[in-house]
Amino acid sequence: MLIKKNIFFALIFTLFSVSLQAQNPIIRGIFSTDPAPIVYHDTVFLYTGHDTASVTATNYKMPDWHVFSSTDMVNWKDYGAVLSPHTFSWATGDAYASQCIERNGKFYWYVATFHKKDSISNGGAAIGVAVSDRPTGPFKDAIGKALITNEMTTDMKYGWDDIDPTVFVDDDGQAYLFWGNGSCKWIKLKENMVEEDGPITTFKPKHYIEGPWVYKRKDLYYLLYSGAGTKPEMIEYCTARNIRGPWTYRGIIEGNVSNSFTTHTGVIDYKGETYFFYHNGDLPTGGSYRRSVCVDYMHYNEDGTIQKIVQTKQGVAAVK
Ligand code: CA
């Protein structure tokens with residue numbers, strides 16, 4: 001009888017602790033940044049950075065990357081600091097933006113961090129890749145070295161332009177890595193997802209700053225990015241009929257976010273809706289160095305262009 005009573009109270013507690021409506025920011029236990037969502041086996045996995053700078057800090061402090069999951073877009077489970085620059089023997093410094101994708105049952109997590117000064121690189125930002133058999137890890141360095149070092153691109157004359165990787169596998173199986181601050185750069189990846197295949201191409205979409213996010217919808221390629229807009233950053237985008245370009249500028253889809261001069265996007269389709277992830281500085285004591293991930297709906301027009309994102313406090317409704 002006692003056991004039945006406990007089950008009854010556990011059930012009641014569960015019913016009342018599950019929210020039906022998100023609240024932006026959706027991640028409230030830590031300061032989280034640079035959202036990169038994927039859908040795998042009917043679950044959304046959300047990969048983020050982690051801001052730990054003090055309230056008075058004037059620069060980033062980003063020690064690790066976290067993974068969250070949800071099956072209703074409202075209740076998010078935190079798997080903790082699953083990956084950090086310490087995972088990579090060649091890396092030092094902060095955990096900048098990242099994206100994880102699944103291919104052939106393995107999860108490849110591309111990350112921006114910084115390279116130690118050694119015989120391979122003179123330092124500066126670099127891109128590494130970690131691999132796991134599961135979306136939540138454990139992850140290990142896939143190749144034991146950086147995939148992209150600062151020296152591999154020279155169009156920008158500073159040391160932190162090789163950041164913000166996004167990865168896309170086209171219908172024909174060809175994988176592409178896009179990244180970059182100041183200019184957008186891309187390269188083909190081999191099927192093993194950890195070796196470059198061919199030269200690096202660089203180009204400058206209108207207003208481009210950083211944070212590219214590439215995907216395909218109905219034969220149209222999309223390149224969303226953090227752009228200068230009217231400053232601070234906004235999300236702008238281009239489309240193309242060929243992933244190698246030319247890219248046509250399509251405008252601003254997200255205006256300034258509150259209390260943060262950066263923003264950064266990731267987009268997924270899930271259970272019949274399109275979701276636009278971004279970050280702002282809206283948690284209590286938040287700011288440009290203490291950011292938080294949010295999500296709102298994204299809608300397309302008939303011609304494939306994207307409607308302006310409406311940023312809300314209430315967030316999105318739960319889906320079954
Ligand atoms: Ca460079």
Side-chain angles (χ1 to χ4, degrees), residues 33-34 36 47 49 59-62 65 83-101 108-130 141-168 175-190 193-214 223-228 231 233 235-236 238 243-247 261-266:
T33 72
D34 304 326
Y47 300 80
N59 205 350
Y60 299 108
K61 189 176 180 188
M62 305 174 69
W65 295 276
L83 186 66
S84 92
H86 295 297
T87 307
F88 305 95
S89 61
W90 49 268
T92 184
D94 283 340
Y96 274 23
S98 73
Q99 185 183 359
C100 182
I101 66 166
Y108 298 92
W109 196 350
Y110 299 82
V111 302
T113 182
F114 291 80
H115 207 289
K116 288 176 181 169
K117 211 170 181 176
D118 60 18
S119 60
I120 304 292
S121 173
N122 202 33
I127 292 170
V129 54
D141 189 346
I143 46 178
K145 61 178 183 178
L147 186 62
I148 303 291
T149 61
N150 178 43
E151 286 79 7
M152 291 169 67
T153 69
T154 54
D155 60 318
M156 295 291 116
K157 304 304 178 194
Y158 47 89
W160 41 274
D161 64 315
D162 293 287
I163 60 170
D164 292 0
T166 181
V167 182
F168 170 73
Y176 298 86
L177 176 73
F178 284 69
W179 75 96
N181 173 289
S183 68
C184 190
K185 315 159 203 294
W186 66 266
I187 198 169
K188 288 195 290 182
L189 293 177
K190 291 183 180 172
M193 300 302 284
V194 297
E195 279 182 276
E196 61 257 35
D197 187 6
I200 295 171
T201 302
T202 67
F203 65 109
K204 277 195 178 186
K206 185 177 177 181
H207 295 160
Y208 181 87
I209 297 181
E210 58 190 359
W213 181 266
V214 172
L223 168 62
L224 279 55
Y225 52 92
S226 303
K231 294 185 178 177
E233 286 184 347
I235 301 297
E236 309 186 40
C238 296
I243 192 166
R244 300 170 194 201
W247 292 93
F261 57 73
T262 66
T263 186
H264 186 111
T265 193

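In each ligand, atom 1 is the first atom listed, and ligand 1 is the first ligand listed. Keep in mind that this is a model prediction, so the values were computed, not measured.
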### Query
Excluding sequence neighbours, so at least two apart, what forms side chain to side chain donor-acceptor pair (under 3.5 Å) with S98?
W109
### Task
Keeping the roles fixed (side chain from T153, backbone from D155), state whether a donor-acceptor pair exists under 3.5 Å.
no
### Task
To the nearest 10 degrees, calculate the angle at the Ca ion (ligand 1) involving OD2 of D162 and O of N150.
90°
### Expected output: side-chain E195 to main-chain K190 donor-acceptor under 3.5 Å
no
### Message
Which atom name does D161 have for its N/O/S atom nearest to the Ca ion (ligand 1)?
### Response
OD1
### Message
Distance check below 3.0 Å: does T153 bring an N, O or S atom to the Ca ion (ligand 1)?
### Response
yes
### Task
Please list, chain by chain and in numerical order, all residues satisfying side chain to side chain donor-acceptor pair (under 3.5 Å) with D34, sequence neighbours excluded.
H264
